[in-house]
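First comes the structure, then the notes that go with it.
We name chains A, B, ... by the order of the sequence lines, and we start the count at 1 in each one. Values below: all heavy atoms of this structure, side chains included; hydrogens, waters and symmetry mates excluded. No experiment lies behind these values; they were computed from the predicted model shown.
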Protein chains: 2
Amino acid sequence: MTTIKDVAQRAGVAPSTVSYVLSGSRKISEDTRRTVQQAIDELGYHPRASARTLRSTRTNVLALALPRVAGGYRAVDGRFAIEISDAARAHGYDVLLMTAQEGVPGLRRIARSGQADAAILMAVEMDDPRIAAMLELGFPAALLGRSADDAALPWTDLDWEAAATLAVRELAAAGHRDIAYLATTEREIQAQRGYAIRGLAGARRAAPETGADVRVHQSTGDMARLARRIGTLLHGERPPTALVVQHVAALPHILAAVAAEGLRVPEDLAVVAVGNLPDDLGGQDLPRVELPVPEMSAAVTRLAAEAIATRTQGTSPTPPGHLLIPPAFVPGPRIAPPGPRAANA
Amino acid sequence: MTTIKDVAQRAGVAPSTVSYVLSGSRKISEDTRRTVQQAIDELGYHPRASARTLRSTRTNVLALALPRVAGGYRAVDGRFAIEISDAARAHGYDVLLMTAQEGVPGLRRIARSGQADAAILMAVEMDDPRIAAMLELGFPAALLGRSADDAALPWTDLDWEAAATLAVRELAAAGHRDIAYLATTEREIQAQRGYAIRGLAGARRAAPETGADVRVHQSTGDMARLARRIGTLLHGERPPTALVVQHVAALPHILAAVAAEGLRVPEDLAVVAVGNLPDDLGGQDLPRVELPVPEMSAAVTRLAAEAIATRTQGTSPTPPGHLLIPPAFVPGPRIAPPGPRAANA
DNA sequence: ACCGGTTGTCGAATCGATTCGTCGAATCGA
DNA sequence: TCGATTCGACGAATCGATTCGACAACCGGT
């Protein structure tokens, strides 16, 4: 293994000089700079991360806490991981992966052993124990998702409340008056996931705002029950002419259930999604309010980097930054107006 | 930050004694062991990873190289990342995430700066430049997927050739004589992905072995073209009574296209998948040859750990271990025999 | 010719844990 | 009681990079 001494020897200078060439923190004559650089290139020298970290107490690593796998694996989390990793590199950081299985003890271990400079917490819950742990440890952190106490740590999130409202508003604008809102699963709602709770709230708020009749239903992970539930909600009196789906992971099932009821999308039932479409949707595209994965990833990474910087400066009174991302509507295929079924009802 | 000195002081012993309590590499009296342990607990002491690494040249970190995002993001890769991360923890390792965007230079940087003890390479291609880089760097590595030169580094993979053959054989056993095999996309095949090439080979080998007429088709990422291609392949002379799909990511599209042709699954067309089903499949379950994600993750992690151990021992002549996992057939809904269409043809 | 001020480089201390050699105290046999 | 042996803990060197104080060499001004 080549060290800074090897480089120094080859270039005929002191190790400290090599260090200054690398960091640029002191003036070095152009001559020696070139000699040293050449020695570095010839030897293929890279500073040892451990030695650097030991001295400077900076790792240039972000810990990324992936969500709990309770409700199974969510495809979008993998995308977040990749996007965040690339964003981190752009800020000069590497990413250390932590699964939720390790939980708070895992984060504590990483923080105290100094393996990362900050943590990014995914799938934050309204009352998330990891937040208290980060504060107690004095460890910089940024949240992907908004918790109940949103002043404690920097966070970014889609404005789920606005997203739900927006979806309903678009349907109302197309003439729909009877709208069903299929929220996330009961499990997610009971777990107090922020996106679940706020989506629900946005859906409820949409009714008075648009004047439409918005009936809100919770979804379920049990696909057989979900199909039955959809059958029921489509056959009440004054059946809905439009459906908003926040439980996007189940969209294929849901569309299949709708088809099984003999309804065509969008002629008989307009469907709008809130959140990321699953990779594959039977060739169907839907109008939707999208989850801005790249923006959120970039934002949470930037917030983490800022949290590190401000801690280093000891500027504690600065309130942590936030970024509530406004929802954007992707028209996709134009929303159909209420179909013949509406006339029947 | 609490250091080993703080612990030593509190316990009234020398720092080296604390170190020996932690590592157990020398005999320590029960009395002092307890005193030291108590001090550690009270202070919540964790050894600094950087100091430890500097001294021992071991990081207890595995670098995980995620695949290139060329063909978009594949959901199964996220699952692998999580499974591998958990498996790594079980071996005492953390996982450093690297996206394909960083490529070989990224791996070189990690190896030379000593940020990881070994690398796990995902989505290995038949002729993968990363392999040469690892060998040149003398950096331990394990492959998820089998390359052309499979003696250079340890690897694990599903036996894709056997998997494809198995799927055809099961259909043949159910009485099917005219079978279509929809392989992976042209793009993957041209990129010389091992699973694509070997699946294709297995499908071709299945014809003579089973005596069935197996027609092999390549898939495409363009869903409109894919639908047309499926239409064509279903309407040749002697149309197939069964379909094997290796391009599982497109399954929802494919099933939709089949339905659009007026065919019911499985009554008119038996469908068997090779690989992991997408999270959601419109409520449909299919018989399939599964991709054993947990086994593969555990195996590749074990191989990486072994590669580290053998390098440390300097036992270079030991050939790297392999693990070719035999395919398993998951019956799911029983395969339907050839339907009325077969009689027509 | 001498002196204050730059400029560019060097040497040494430092970060925190590990590990080897050493050394005092306890134990045992003769 | 004394020397040999074992047991348990200590001190110091070490890993590789960073950083601060020091210090030559050079420059211009009086």
Side-chain angles (χ1 to χ4, degrees), chain A residues 1-40 43-61 92 109-117 312, chain B residues 1-40 43-61 92 109-117 312:
Chain A
M1 264 300 162
T2 79
T3 74
I4 201 172
K5 271 190 197 165
D6 302 327
V7 176
Q9 200 160 15
R10 181 164 189 126
V13 299
S16 51
T17 303
V18 177
S19 178
Y20 289 126
V21 167
L22 249 8
S23 70
S25 62
R26 269 198 191 179
K27 213 162 226 178
I28 293 289
S29 75
E30 184 53 27
D31 270 6
T32 49
R33 205 201 54 72
R34 228 171 329 136
T35 318
V36 168
Q37 189 58 53
Q38 191 182 341
I40 289 175
L43 295 174
Y45 167 73
H46 274 249
R48 277 306 167 89
S50 56
R52 196 169 253 196
T53 297
L54 177 57
R55 187 72 231 272
S56 62
T57 63
R58 296 195 88 242
T59 61
N60 292 317
V61 167
R109 178 175 64 84
I110 296 298
R112 287 219 265 237
S113 68
Q115 288 198 81
D117 295 333
T312 305
Chain B
M1 262 299 162
T2 79
T3 74
I4 201 171
K5 272 189 196 165
D6 301 326
V7 175
Q9 200 160 15
R10 178 161 192 130
V13 299
S16 52
T17 303
V18 177
S19 178
Y20 288 125
V21 167
L22 249 9
S23 68
S25 62
R26 266 200 193 180
K27 215 163 228 176
I28 293 288
S29 76
E30 185 52 28
D31 269 6
T32 50
R33 204 199 57 72
R34 230 174 325 144
T35 318
V36 168
Q37 189 57 54
Q38 193 182 341
I40 289 175
L43 296 174
Y45 166 73
H46 273 250
R48 281 300 172 89
S50 56
R52 198 169 249 199
T53 296
L54 177 57
R55 187 71 231 269
S56 62
T57 62
R58 298 196 86 241
T59 60
N60 292 316
V61 167
R109 178 175 62 85
I110 296 297
R112 286 217 265 236
S113 68
Q115 289 199 82
D117 295 333
T312 306

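- Applying the side-chain contact (heavy atoms from CB on, under 4.5 Å) test to Ala111(A) and every residue at least two apart in sequence or in another chain returns Leu137(A), Phe139(A).
- Taking Ser56(A) as the reference, nothing meets the side chain to side chain donor-acceptor pair (under 3.5 Å) condition, with sequence neighbours excluded.
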Show every donor-acceptor pair shorter than 3.5 Å between a side-chain atom in residues 43-52 of chain B and any protein atom, with sequence neighbours excluded, or say none if there are none.
none

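- For the segment residues 3-13 of chain B, residues with any heavy atom less than 4.0 angstrom from an atom of DNA chain C are, sorted by number, Thr3(B), Ile4(B).
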How does DNA chain C read in dot-bracket, base by base from 5' to 3', with Watson-Crick or G-U pairs under 3.5 Å and | used when the partner is on another strand?
-> ||||||||||||||||||||||||||||||
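- Nearest heavy-atom pair, Asp6(A) versus Thr3(A), reported as atom, atom and distance to 0.1 Å: OD2-N, 2.8 Å.
- Near DNA chain D, defined here as any heavy-atom distance below 4.0 Å, there are no residues from residues 109-116 of chain B.
- Looking at every heavy atom in both residues, Thr53(A) comes nearest to Arg58(A) through OG1-O, 3.1 Å.
- When every heavy atom of Val61(B) is checked against every heavy atom of Gln115(A), the shortest pair comes out as CG2-OE1, 4.1 Å.
- Nucleotide dG8(D) holds its C1' atom 12 Å from the CG atom of Asp31(B), rounded to whole Å.
- Listed by first then second residue, pairs satisfying salt bridge (Lys or Arg N to Asp or Glu O under 4.0 Å) with a partner in residues 18-31 of chain A read Glu30(A)-Arg33(A), Glu30(A)-Arg34(A), Asp31(A)-Arg34(A), not counting sequence neighbours.
- Nucleotides of DNA chain C that come within less than 4.0 Å of any heavy atom of chain B span, from the 5' end to the 3' end, dG16(C) to dG21(C).
- Nucleic acid contact class of Thr32(B) (heavy atoms, under 4.0 Å, all strands): sugar-phosphate only.
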So Leu22(B) and Ile40(B), side-chain contact (heavy atoms from CB on, under 4.5 Å) or not? Walk me through it.
-> CA-CA 10 Å; Leu22(B) 249 9; Ile40(B) 289 175; 3.7 Å; yes
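- For Thr57(A), there are no side chain to side chain donor-acceptor pair (under 3.5 Å) partners at least two apart in sequence or on another chain.
- Partners of Thr59(A) under the side chain to side chain donor-acceptor pair (under 3.5 Å) rule, at least two apart in sequence or in another chain, are Asp117(A).
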Without placing hydrogens or testing angles, list every side-chain donor-acceptor pair under 3.5 Å for residues 7-20 of chain A, not counting sequence neighbours.
| from | atom 1 | to | atom 2 | distance (Å) |
| --- | --- | --- | --- | --- |
| Arg10(A) | NE | Glu42(A) | OE1 | 2.8 |
| Arg10(A) | NH2 | Glu42(A) | OE1 | 2.6 |

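- At a non-hydrogen distance threshold of 4.0 Å, Ser16(B), Ser19(B), Tyr20(B), Arg26(B) from residues 14-28 of chain B come into contact with DNA chain C.
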